[in-house]
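Single-structure report; data block below.
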Amino acid sequence: MANSTSANLKLTVQATGENSGTWGQITNTNLLILEQAIGGFTTFNLTNANRSLTFTNGAVSNGKNDVIKLTGTLAGTRTVSIPDGIEKVYNVQNACDHAGNTLTFKTSSGTGVLLAEGNNYVLYSDGTNVVKLHEQRNWRAVSAAETVQAGAQLLVNTSGGAVTVTLPASPATGDEVSFVDQGYDFNSNALTVGRNGSNIVNAAADLVVNTQGAAFCLVFSGDATTGWTYKEK
């Protein structure tokens, strides 16, 4: 009987009686792959290209790492993909500047998860698609126009002029975006929340916020007429 390969981490499964004189090397490589899966860390820069993670049979390879840090200023829509059929958990730190672009972590043929700039994730692949188990949302400062993704928590500074933040396109029920008037300047220079095709609080219009010190969260209701609504009011 010949050696075989495990489905997910692509370990070499040694057959009884095989690999005379080389079984120790194969075992050590398997242990290194397990170490990668348990505590391995790698960084990928996504500025100019998508990233397809690799799962080489019987070898250490980049898709087998436990923790992945994503960096760079995105020059366009970006994806990080793993092969179909792989079942694995990932801890992902999204340290990219999206520059208004989207970033998706997915299987080759799946829809995957849209990552919000600055947030951290626990994701898993079920072999068909990538699913979000947990999202650590981090506050970040914004002082210029941008389009954001669900899960964004924004400290908006309008001391230098009015700012427009555009909500995600095609939101899902329960998606949230939070805003805080960082410098207490909304009364002088307003925040405009761009609706991006969805209603905001029952209106087909952008939301203009000019209340000093305003802080609020919008959640997508799942109802097309209501659209985005206040989580607390």
Side-chain angles (χ1 to χ4, degrees), residues 41-51 53 65-82 89-106 111-125 130-172 174-186 191-196 198 207 209 213-220 228 230-232:
F41 171 84
T42 192
T43 300
F44 297 126
N45 187 295
L46 302 176
T47 296
N48 295 313
N50 299 327
R51 175 69 66 161
L53 305 187
N65 282 286
D66 174 42
V67 181
I68 295 176
K69 181 178 181 179
L70 306 175
T71 64
T73 299
L74 307 186
T77 298
R78 293 286 176 261
T79 62
V80 177
S81 60
I82 67 172
V89 175
Y90 287 99
N91 294 289
V92 178
Q93 179 186 3
N94 181 15
C96 294
D97 179 345
H98 283 209
N101 297 295
T102 59
L103 172 57
T104 305
F105 201 104
K106 62 191 286 294
T111 54
V113 176
L114 279 170
L115 306 183
E117 182 177 334
N119 290 357
N120 302 322
Y121 296 86
V122 179
L123 308 174
Y124 77 88
S125 170
V130 171
V131 180
K132 179 171 64 177
L133 278 178
H134 174 72
E135 179 180 22
Q136 179 189 28
R137 298 176 180 177
N138 299 313
W139 290 96
R140 62 185 182 87
V142 172
S143 58
E146 68 171 88
T147 299
V148 299
Q149 295 303 315
Q153 296 191 154
L154 307 174
L155 301 166
V156 186
N157 192 319
T158 63
S159 61
V163 171
T164 297
V165 175
T166 303
L167 293 168
S170 304
D175 282 353
E176 295 181 358
V177 178
S178 298
F179 304 85
V180 168
D181 181 2
Q182 185 188 49
Y184 272 59
D185 295 307
F186 285 1
L191 163 69
T192 297
V193 180
R195 70 189 192 93
N196 207 359
S198 298
L207 175 67
V209 183
F216 59 99
C217 175
L218 292 176
V219 57
F220 190 70
W228 295 87
Y230 294 107
K231 185 176 181 180
E232 298 175 349

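Taken from SG in Cys96 to CG in Leu74, the straight-line distance is 5.0 Å, to the nearest 0.5 Å. Residue Ile68 holds its CD1 atom at 9.5 Å from CZ of Arg51, rounded to the nearest 0.5 Å. In this structure, OG1 in Thr79 is found 11.0 Å from CG in Leu114, a value given to the nearest 0.5 Å. Taking CG of Asn50 as the start and CG of Leu103 as the end, the distance is 9.0 Å to the nearest 0.5 Å.
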- Audit row: Lys69, Val67, side-chain contact (heavy atoms from CB on, under 4.5 Å) steps and yes/no: CA-CA 7 Å; Lys69 181 178 181 179; Val67 181; 5.8 Å; no

- Dump the intermediate steps for side-chain contact (heavy atoms from CB on, under 4.5 Å) on Val156 and Gln182, then the final yes or no. CA-CA 5 Å; Val156 186; Gln182 185 188 49; 5.9 Å; no

- Check against side-chain contact (heavy atoms from CB on, under 4.5 Å), Glu117 and Asp97: CA-CA 7 Å; Glu117 182 177 334; Asp97 179 345; 3.9 Å; yes

- Query: So Trp228 and Val193, side-chain contact (heavy atoms from CB on, under 4.5 Å) or not? Walk me through it.
  - Reply: CA-CA 11 Å; Trp228 295 87; Val193 180; over 6 Å; no

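Considering all non-hydrogen atoms of both residues, Phe186 and Asp181 come closest at N-OD2, 3.1 Å. Contact between Leu46 and Arg78 at its shortest, heavy atoms only, is O-NE, 2.8 Å. Across all their heavy atoms, Ile82 and Ser125 have their closest contact at CD1-CB, 3.4 Å. Taking each heavy atom of Ala75 and Asn48 in turn, the nearest pair found is CB-OD1, 4.2 Å. Nearest heavy-atom pair across Val92 and Leu115 is CG1-CD1, 4.1 Å. Across Ser178 and Trp139, no two heavy atoms sit closer than the pair CB-CH2, 3.8 Å.
Using bins of under 30°, 30° to 60° and over 60° for the plane-to-plane angle, the ring pair Tyr230/Phe216 lands in the perpendicular bin.
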Under 3.5 Å, sequence neighbours excluded: what are the donor-acceptor pairs made by side chains of residues 161-170?
none

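Inter-residue side-chain proximity for Leu218 and Glu176 is flagged as unmet; no heavy-atom pair is nearer than 4.5 Å. Residues Val148 and Val142 form no side-chain contact, since every pair of their non-hydrogen atoms from C-beta on lies 4.5 Å or further apart. The closest side-chain heavy-atom distance from Thr102 to Gln149 is below 4.5 Å.
The backbone N or O of Asn120 lies less than 3.5 Å from no partner atom in the side chain of Asn94, so there is not a single donor-acceptor pair. Not one N or O on the side chain of Asp185 forms a donor-acceptor pair closer than 3.5 Å with the backbone of Asn157. When atom types are taken as modelled, the side chain of Thr147 and the backbone of Gly100 share no donor-acceptor pair closer than 3.5 angstrom.
Residue pairs meeting the salt bridge (charged side-chain N to carboxylate O under 4.0 Å, His left out) criterion with at least one member in residues 148-162: none, sequence neighbours excluded.
For Lys106, the NZ atom counts as densely surrounded, since its 6.0 Å shell holds more than 12 non-hydrogen atoms of other residues, nucleotides or ligands.
When each of Phe105, Tyr124, Phe41, Phe44 is checked for a ring-ring contact (aromatic ring centres under 6.0 Å, His included) with Tyr90, only Phe105 meets the rule.
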